[in-house]
J.: 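One structure, pasted below without further comment.
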Number of protein chains: 2
Amino acid sequence: MVQFVHPAKEDLTLAGVLAALADPMRLDIVRRLKDKGACASCTDTAPCPKMAKSTLSNHFRILREAGLIRTTKKGVEHQNTLREEDINARFPGLLKLILKLAP
Amino acid sequence: MVQFVHPAKEDLTLAGVLAALADPMRLDIVRRLKDKGACASCTDTAPCPKMAKSTLSNHFRILREAGLIRTTKKGVEHQNTLREEDINARFPGLLKLILKLAP
DNA sequence: TCAATAGTTCAATTATATCGAACTTATGAA
DNA sequence: TTCATAAGTTCGATATAATTGAACTATTGA
């Protein structure tokens, strides 16, 4: 059922995580995923509705490759979850602080 | 004596700061500036010696525009200081945590 | 006066983000 | 079964950002 490659938590890099979170769109996606707690489809998590599908897809790819989210495919939708435990294990306190500081 | 424009601390953005720190070279520069405590020239702070001067100069420009450093010119050298107080006032705890988590 | 040093700016190449359009896959209705 | 629809990805083109060497500016010191 898993259709995407996700890095092991040991492979998460600080530069990769910061670069991924440095984009307001992606930070917004991460916040929404955290708020929802569970899985969420890409469209459900889209920061703004007028963004091109391909752009949104690209943001999810970057978040995946940075190790911030895990994506599985079920039916026609993709289910994305925030990898909170992995992120916190690798970079304790970082995610929480950035989300707190974000406008 | 001041030759560069620096944003007011209120103008620092989280996205800008994260993007600036997301580059390993720039994060290294910031760490060196913090370690030195006081001013430091660009060459003194260069992460790796084989990098092109223009590249180094560009990194300093990005750090300046993000509001992370202040640059003044004195004689033939540029003096760069980390804007710790401004950064901490705007984003409490962020700089310290990122530097702590960096490899 | 003039060579040397510290940085910046410029031009060219390369890499990355954005968008619309085309494509793939799965669902659900006729 | 068939076929339209919906969710995402991939592709091609354009625009913006990073890297480099070369040329330029400004200051120092011999």
Side-chain angles (χ1 to χ4, degrees), chain A residues 1-6 13 15-30 32-33 36 38-66 68-81, chain B residues 1-6 13 15-30 32-33 36 38-82:
Chain A
M1 188 59 71
V2 176
Q3 314 259 342
F4 294 92
V5 178
H6 304 91
T13 68
V17 169
L18 292 182
L21 296 179
D23 183 287
M25 298 285 183
R26 290 194 290 266
L27 186 54
D28 201 47
I29 292 173
V30 166
R32 284 165 195 261
L33 285 177
K36 289 182 189 281
C39 307
S41 71
C42 294
T43 9
D44 280 354
T45 324
C48 70
K50 68 184 187 309
M51 177 172 17
K53 285 195 301 178
S54 48
T55 303
L56 187 59
S57 176
N58 191 47
H59 284 313
F60 276 95
R61 182 185 58 77
I62 290 171
L63 289 171
R64 259 196 311 272
E65 292 179 356
L68 291 175
I69 66 172
R70 178 175 286 113
T71 305
T72 60
K73 188 172 180 179
K74 200 170 190 181
V76 75
E77 285 188 347
H78 287 198
Q79 296 186 325
N80 302 286
T81 58
Chain B
M1 188 59 71
V2 175
Q3 312 260 342
F4 293 93
V5 177
H6 304 90
T13 69
V17 169
L18 292 183
L21 296 179
D23 183 288
M25 298 286 183
R26 290 193 292 264
L27 186 52
D28 201 47
I29 292 173
V30 166
R32 284 164 195 263
L33 285 177
K36 290 181 190 279
C39 307
S41 70
C42 294
T43 10
D44 280 354
T45 324
C48 70
K50 67 184 187 309
M51 177 173 18
K53 285 194 302 178
S54 47
T55 304
L56 188 60
S57 177
N58 191 46
H59 283 315
F60 276 94
R61 182 185 57 79
I62 291 171
L63 289 171
R64 259 196 310 271
E65 292 179 358
L68 290 175
I69 66 172
R70 177 175 287 113
T71 305
T72 61
K73 187 173 180 179
K74 199 169 189 182
V76 75
E77 286 187 344
H78 287 197
Q79 296 186 325
N80 303 285
T81 57
L82 187 60

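Sequence lines set the chain letters: A, B, ... in the order given, protein chains first and strands last, and positions in each chain run from 1.
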J.: Starting at atom CZ of A:Phe4, determine the distance to atom P of D:dG8, rounded to an integer number of angstrom.
T.: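 My rounded result for the distance is 10 Å.
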
J.: Should A:His59 be listed as having a side-chain N or O under 4.0 Å from OP1 or OP2 of C:dT18?
T.: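 Yes.
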
J.: Between C:dT9, D:dT9, C:dT25, spot the one nearest the side chain of A:Lys73, thanks.
T.: C:dT25

J.: B:Phe60 CZ to D:dT19 C1': how many Å, rounded?
T.: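 For the pair B:Phe60 CZ and D:dT19 C1', the rounded distance is 16 Å.
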
J.: Please determine, for the side chain of B:Glu77, which listed nucleotide (D:dT19, C:dG7, D:dG8) has the closest atom?
T.: C:dG7

J.: Between B:Lys50 and A:Asp44, which has a closest nucleotide on DNA chain D that is more 5'?
T.: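 That would be A:Asp44.
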
J.: Closest approach to the side chain of B:Thr55, judged atom by atom: which nucleotide of D:dT27, D:dT19, C:dT8 is it?
T.: D:dT19

J.: Does a nitrogen or oxygen in the side chain of A:Ser57 sit under 4.0 Å from OP1 or OP2 of D:dG8?
T.: no

J.: Verify the contact: side-chain N or O of B:His78 to OP1 or OP2 of D:dA26, cut-off strictly under 4.0 Å; return yes or no.
T.: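 False: B:His78 side-chain N/O out of range (4.0 Å or more) of D:dA26 OP1/OP2.
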
J.: Measure centre to centre between the rings of B:His78 and B:Phe60, then say whether the value is under 6.0 Å.
T.: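 Not close enough - the centres of the two rings lie 6.0 Å or further apart.
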
J.: Let me know the distance between CZ of B:Arg26 and P of D:dA17, rounded to the nearest Å.
T.: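 Between P of D:dA17 and CZ of B:Arg26: 13 Å.
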
J.: Calculate the interatomic distance between A:Asp23 atom CG and C:dT16 atom P; express it in whole Å.
T.: 15 Å

J.: For A:Leu56, report the nucleic acid contact type (base, sugar-phosphate, nothing); a contact means any heavy atom under 4.0 Å.
T.: nothing

J.: So if I take every side-chain heavy atom of B:Ile62 and compare against D:dA18, C:dT18, C:dT9, which nucleotide ends up nearest?
T.: D:dA18

J.: Can you tell me how far apart OG (A:Ser54) and CZ (A:Arg61) are? Round to the nearest 0.5 Å.
T.: 11.5 Å

J.: Kindly say if A:Arg61 contacts the phosphate of C:dT16, meaning a side-chain N or O under 4.0 Å from OP1 or OP2.
T.: no

J.: Just how far, in rounded Å, is P of D:dA7 from CG of A:Asn80?
T.: 14 Å

J.: Round to a whole Å and report the spacing from NZ of B:Lys74 to P of D:dT28.
T.: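 Those two atoms, NZ and P, are 11 Å apart.
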
J.: Identify which nucleotide among C:dG20, D:dT9, C:dT8 has an atom closest to any side-chain atom of A:Ala52, counting heavy atoms from C-beta outward.
T.: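 Among C:dG20, D:dT9, C:dT8, the one nearest the side chain of A:Ala52 is C:dG20.
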
J.: How long is the span from the CG atom in B:Asp44 to the CD1 atom in B:Ile29, to the nearest 0.5 Å?
T.: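 Answer for the CG-CD1 pair, B:Asp44 versus B:Ile29, is 12.0 Å.
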
J.: Calculate, to the nearest 0.5 Å, the distance between atoms CD and OG1 belonging to B:Glu77 and B:Thr71 respectively.
T.: 12.5 Å

J.: Can you identify which nucleotide, out of C:dT5, D:dT20, C:dT9, has its nearest atom closest to the B:Val76 side chain?
T.: C:dT5

J.: Nearest to the side chain of B:Ser54 - C:dC19, C:dC10, D:dT9?
T.: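 Within the option list, the nearest is C:dC10.
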
J.: State which residue, out of B:Thr81, B:Asp28, B:Ile69, fulfils the side chain to side chain contact (heavy atoms under 4.5 Å, CB included) condition with B:Leu33.
T.: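 Running side chain to side chain contact (heavy atoms under 4.5 Å, CB included) over B:Thr81, B:Asp28, B:Ile69 with B:Leu33 returns exactly one hit, B:Ile69.
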
J.: From A:His6 NE2 over to A:Thr72 OG1, what is the distance, rounded to the nearest 0.5 angstrom?
T.: 7.5 Å

J.: What's the closest nucleotide to the side chain of A:Asn58 if the choices are C:dT18, D:dA26, D:dT9?
T.: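 So the nucleotide nearest the side chain must be C:dT18.
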
J.: Whole angstrom is fine here: how far is it from CD in A:Glu65 over to P in C:dA15?
T.: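 After rounding, the reported distance stands at 16 Å.
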
J.: Taking CD from A:Gln79 and C1' from C:dT25, how many angstroms apart are they, rounded to a whole number?
T.: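 To the nearest whole Å, that distance equals 16 Å.
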
